[in-house]
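Have a look at the structure below, then the notes.
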Amino acid sequence: MTTSSSADIFGSNEKPVDWSRGNLSVKNGVQCRALEVGTKPSFSVGNKFQFDDVIEAQQFDRDTLSAIFDVALEMEKIEKNSRGSQILKGYLMATLFYEPSTRTRLSFESAMKRLGGEVLTTENAREFSSAAKGETLEDTIRTVEGYCDIIVMRYFENGAARRAAMTANIPVINAGDGPGQHPTQALLDVYTIQREIGKLDGIKVGLVGDLANGRTVRSLAYLLAKYENVKIYFVSPEVVKMKVDIKDYLTSRGIEWEESSDLMEVASKCDVVYQTRIQRERFGERIDLYEEARGKYIVNQDVLNVMQKHAIVMHPLPRLDEITVDVDVDPRAAYFRQAKNGLYIRMALLKLLLLGW
Amino acid sequence: MTTSSSADIFGSNEKPVDWSRGNLSVKNGVQCRALEVGTKPSFSVGNKFQFDDVIEAQQFDRDTLSAIFDVALEMEKIEKNSRGSQILKGYLMATLFYEPSTRTRLSFESAMKRLGGEVLTTENAREFSSAAKGETLEDTIRTVEGYCDIIVMRYFENGAARRAAMTANIPVINAGDGPGQHPTQALLDVYTIQREIGKLDGIKVGLVGDLANGRTVRSLAYLLAKYENVKIYFVSPEVVKMKVDIKDYLTSRGIEWEESSDLMEVASKCDVVYQTRIQRERFGERIDLYEEARGKYIVNQDVLNVMQKHAIVMHPLPRLDEITVDVDVDPRAAYFRQAKNGLYIRMALLKLLLLGW
Amino acid sequence: MTTSSSADIFGSNEKPVDWSRGNLSVKNGVQCRALEVGTKPSFSVGNKFQFDDVIEAQQFDRDTLSAIFDVALEMEKIEKNSRGSQILKGYLMATLFYEPSTRTRLSFESAMKRLGGEVLTTENAREFSSAAKGETLEDTIRTVEGYCDIIVMRYFENGAARRAAMTANIPVINAGDGPGQHPTQALLDVYTIQREIGKLDGIKVGLVGDLANGRTVRSLAYLLAKYENVKIYFVSPEVVKMKVDIKDYLTSRGIEWEESSDLMEVASKCDVVYQTRIQRERFGERIDLYEEARGKYIVNQDVLNVMQKHAIVMHPLPRLDEITVDVDVDPRAAYFRQAKNGLYIRMALLKLLLLGW
């Protein structure tokens with residue numbers, strides 16, 4: 001989407017936002033976008049969201065994150081109390097997926113439908129035309145934007161989301177572009193910590209597993225650096241240690257971090273144990289190294305036993321056996337709540353991009 | 001779904017059900033689930049449905065079947081007279097298909113949409129994540145239940161639907177689990193007989209074709225045993241005869257049955273000729289046996305000529321050449337009406353599981 | 001759909017149509033199809049559309065085309081001013097695609113949803129049943145028509161759409177049947193010329209590229225023959241020249257045409273330069289001929305420079321490099337507007353087939 005924004009479409013630019021307060025939750029009593037149908041306005045269209053697209057986690061500062069989280073919390077209430085809203089009635093979202101990711105796609109589509117919006121879906125966007133391979137992403141975007149009001153795209157190539165956003169005159173949300181960004185995952189991770197622990201400043205987080213390749217832990221470390229007095233522990237097999245760029249970044253931001261090979265000790269000190277999957281495909285033919293790595297740090301009852309009462313276990317899912325199934329029943333197992341938070345974050349972003357604050 | 005049911009969600013547990021009467025059709029004047037939208041209540045939310053999930057045909061006794069059929073008949077009226085209803089507005093159904101079955105999927109999705117509900121759909125649930133093979137069904141269910149209000153699942157493995165239902169806190173409908181159950185097909189078959197012949201007690205049914213492997217005929221025989229004075233004829237090539245477990249079951253229930261190799265004679269006596277497809281894949285490399293079996297019992301004009309005026313031909317579809325195309329125009333050819341009845345049965349079950357009686 | 005039409009369903013056969021006037025746009029103040037929902041009537045159901053199905057471009061005469069274009073223009077207003085309408089609320093469209101064509105499918109689905117209708121979608125209709133290959137198209141249609149109100153079908157075989165329409169009791173729209181017809185593409189092409197140039201009589205059109213195999217240029221030439229004082233230029237590599245059947249047809253209708261190898265000269269004279277893609281697969285192993293052909297006639301800045309101010313460049317998309325990307329910013333580049341017009345044409349046809357004029 002270009003910077004000539006949708007504000008004029010909605011004709012509502014009053015009520016300037018005080019960013020320093022960081023509590024920009026949804027306002028009441030404003031006009032609904034529902035058209036031709038007699039539904040009562042039930043939600044507000046306030047000030048324009050300051051972004052046209054959601055491309056990478058870094059675009060949000062901590063005040064904006066906080067404000068987005070307030071909207072996500074509103075969305076949780078909507079979803080829980082009333083089986084959804086109609087504020088996005090008349091809006092169409094296209095999910096343009098160039099590689100399958102059913103989990104992410106269903107989460108976005110549920111978010112849109114819980115707000116009364118509609119969805120056009122394609123899981124095999126690579127075959128956008130049966131006739132010709134080789135249409136550019138830009139041409140596809142120019143066509144698809146004629147059919148909908150917002151595009152959610154997953155692509156196999158770093159930077160694709162930005163290219164799509166540069167082309168489109170409607171908002172684009174990056175649902176993962178290869179090894180690049182997956183910003184809604186990063187946001188839901190931080191939101192989950194806020195929601196479960198009640199704060200982000202001063203928290204202690206243990207990042208466990210594949211820290212070299214895991215997109216989520218890298219983004220999470222990056223976002224946590226926006227908060228104060230954060231302490232990060234890296235617990236990983238030697239072959240998949242956190243890379244130096246993130247460590248340097250944390251140091252430059254004054255964030256304390258240390259590496260440890262003692263999961264039990266780290267778990268006993270942390271507010272959050274963030275486990276990740278060791279990905280077999282990263283090890284090529286060295287199955288032996290993979291097997292050694294994957295069995296090394298398992299979150300199980302023993303780990304739970306040393307964790308504090310208020311602490312939580314997180315995981316981006318899918319989970320294989322790096323968290324044992326018996327952990328699931330412990331109230332500190334937060335990973336399915338974390339997945340659900342993805343719904344609220346996506347509802348919030350769809351609302352903000354289409355209707356503003 | 002656990003047994004701590006949805007009754008408390010809906011807050012309506014009054015009006016205890018008199019099962020012996022078997023006429024628990026939909027009551028009027030009750031609250032609609034439509035929220036935030038100004039639609040008028042047009043349907044009722046009555047007593048809780050006594051099941052949290054639909055996993056197998058056996059879970060229903062004849063009174064419950066009769067009551068479900070009453071609801072299905074209401075659904076037929078809704079679909080025919082008014083292009084659908086809005087009673088499930090605000091509800092989201094996920095169709096989680098681990099193997100393609102477009103016919104069944106579209107039938108469920110149509111049912112949901114005809115009642116004003118919305119659908120999240122996936123046909124390639126096996127690729128639930130592009131990243132990892134190996135997530136358990138239970139983990140997938142725990143994620144998906146966060147996005148929707150009811151799950152319709154097709155899986156390639158017997159017992160999977162029950163596992164899903166044990167895990168989920170929302171209703172699960174089994175849309176076929178491998179060689180196991182396909183309960184909505186079984187229900188629509190019995191409903192079709194009731195709807196077309198006007199009764200179930202005292203009917204004569206000829207089951208024709210592949211009786212050894214056909215999931216539908218086995219379930220149908222099982223369900224028919226709940227009725228009185230039923231007579232069943234088995235007409236099949238030697239290699240695919242009805243197995244002894246069903247025969248023993250029928251005998252134990254006092255249901256008369258006999259085997260016959262004379263389709264014409266059976267057809268002349270029956271109220272229902274239920275034809276099935278001989279499945280090539282059951283014969284391995286013995287194509288000769290397959291060819292012999294598939295040509296042996298064909299429903300054609302000759303069969304129609306000996307059938308009674310009120311009798312019907314049924315088939316679960318897809319049909320190859322075991323019913324000749326010229327039969328289609330005969331009013332006794334009930335198989336496309338039978339497919340349509342699947343829509344009404346699925347509408348009824350969705351309504352019952354989400355809103356109660 | 002049979003000729004016993006949907007008129008009686010809608011109960012509106014009054015107001016006979018004066019075809020000679022050709023201005024049958026949508027009437028106001030008539031009843032809406034929305035049922036059980038409290039939406040106000042916002043659109044009209046007028047006289048029955050004179051076709052039950054849309055199978056081929058030839059079925060429309062110029063007065064009907066003109067009237068359809070009036071409706072398409074109304075649809076453009078609806079889409080632009082109000083984020084869609086609810087006139088098709090309660091209607092269900094099935095997109096039954098036997099080969100992928102995401103562009104066409106999303107365009108139809110967007111059209112249906114912009115009018116408040118709902119969609120059942122399948123992209124892999126070839127696997128209609130996991131169990132049996134070999135169900136006839138007719139049987140599939142008989143099943144699917146029980147789930148929806150209108151079928152949009154893409155098939156790999158010429159004539160399939162007509163077979164489907166003969167079978168179905170609900171409207172069928174042909175979304176491309178192999179080398180056969182793709183009537184909505186043909187209509188959107190003619191509509192684009194009308195919309196961009198303001199007239200169809202008296203226009204000069206240059207058809208460029210693969211004229212031998214291109215379904216679109218052949219249909220377009222055919223439709224243009226319905227108008228007066230049209231002049232058509234064919235500009236193509238020798239191996240993919242326009243076939244004699246279309247040339248003879250144009251001659252028989254008194255339409256002037258000529259072949260040229262000078263794109264610049266043609267472009268300077270034309271109102272429309274309609275570029276098409278040279279399809280590699282038409283050249284078999286003669287890659288050399290393909291490479292020669294595809295590079296021969298490129299629409300670029302040089303071509304734009306000789307074109308008239310009011311003239312336009314069209315292309316059915318997807319585009320490879322037969323139009324250079326720098327052309328896109330020129331206001332005469334009409335191809336993305338052309339794609340968008342497909343939405344309006346499809347909205348119009350859905351409205352006409354389901355609600356009438």
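Model, not experiment: these values are computed from the prediction. In the text below, chain A, chain B and the rest are named by the order of the sequence lines, each starting its count at 1.
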Out of C:Thr143, C:Thr140, C:Asp149, return the one with the most heavy atom pairs under 4.5 angstrom to chain B.
C:Asp149

When you measure from the side chain of B:Thr276 to the backbone N and O of B:Val208, does any donor-acceptor pair fall under 3.5 Å?
yes

Under a 4.5 Å heavy-atom cutoff, which of B:Ala111, B:Gly342, B:Ser107 has the most pairs with chain C?
B:Ser107

Which answer fits B:Asp321, side chain, backbone, both or neither, if we ask what part of it has an atom under 4.5 Å from a heavy atom of chain C?
neither

Under the 3.5 angstrom rule, does the side chain of B:Arg332 hit a backbone N or O of B:Leu304 as a donor-acceptor pair?
yes

What part of B:Leu343 lies closer than 4.5 angstrom to a heavy atom of chain C: side chain, backbone, both or neither?
side chain

Ring centroid separation for C:Phe97 and C:Tyr155, is it under 6.0 angstrom?
no

Main-chain N/O of C:Glu56 paired to C:Gln59 side chain as donor or acceptor, under 3.5 Å:
yes

At a heavy-atom distance under 4.5 Å, which candidate from B:Arg337, B:Arg280, B:Lys340 has the highest pair count against chain C?
B:Lys340

Would you call B:Arg319-C:Asp139 a salt bridge at under 4.0 Å N-O?
yes

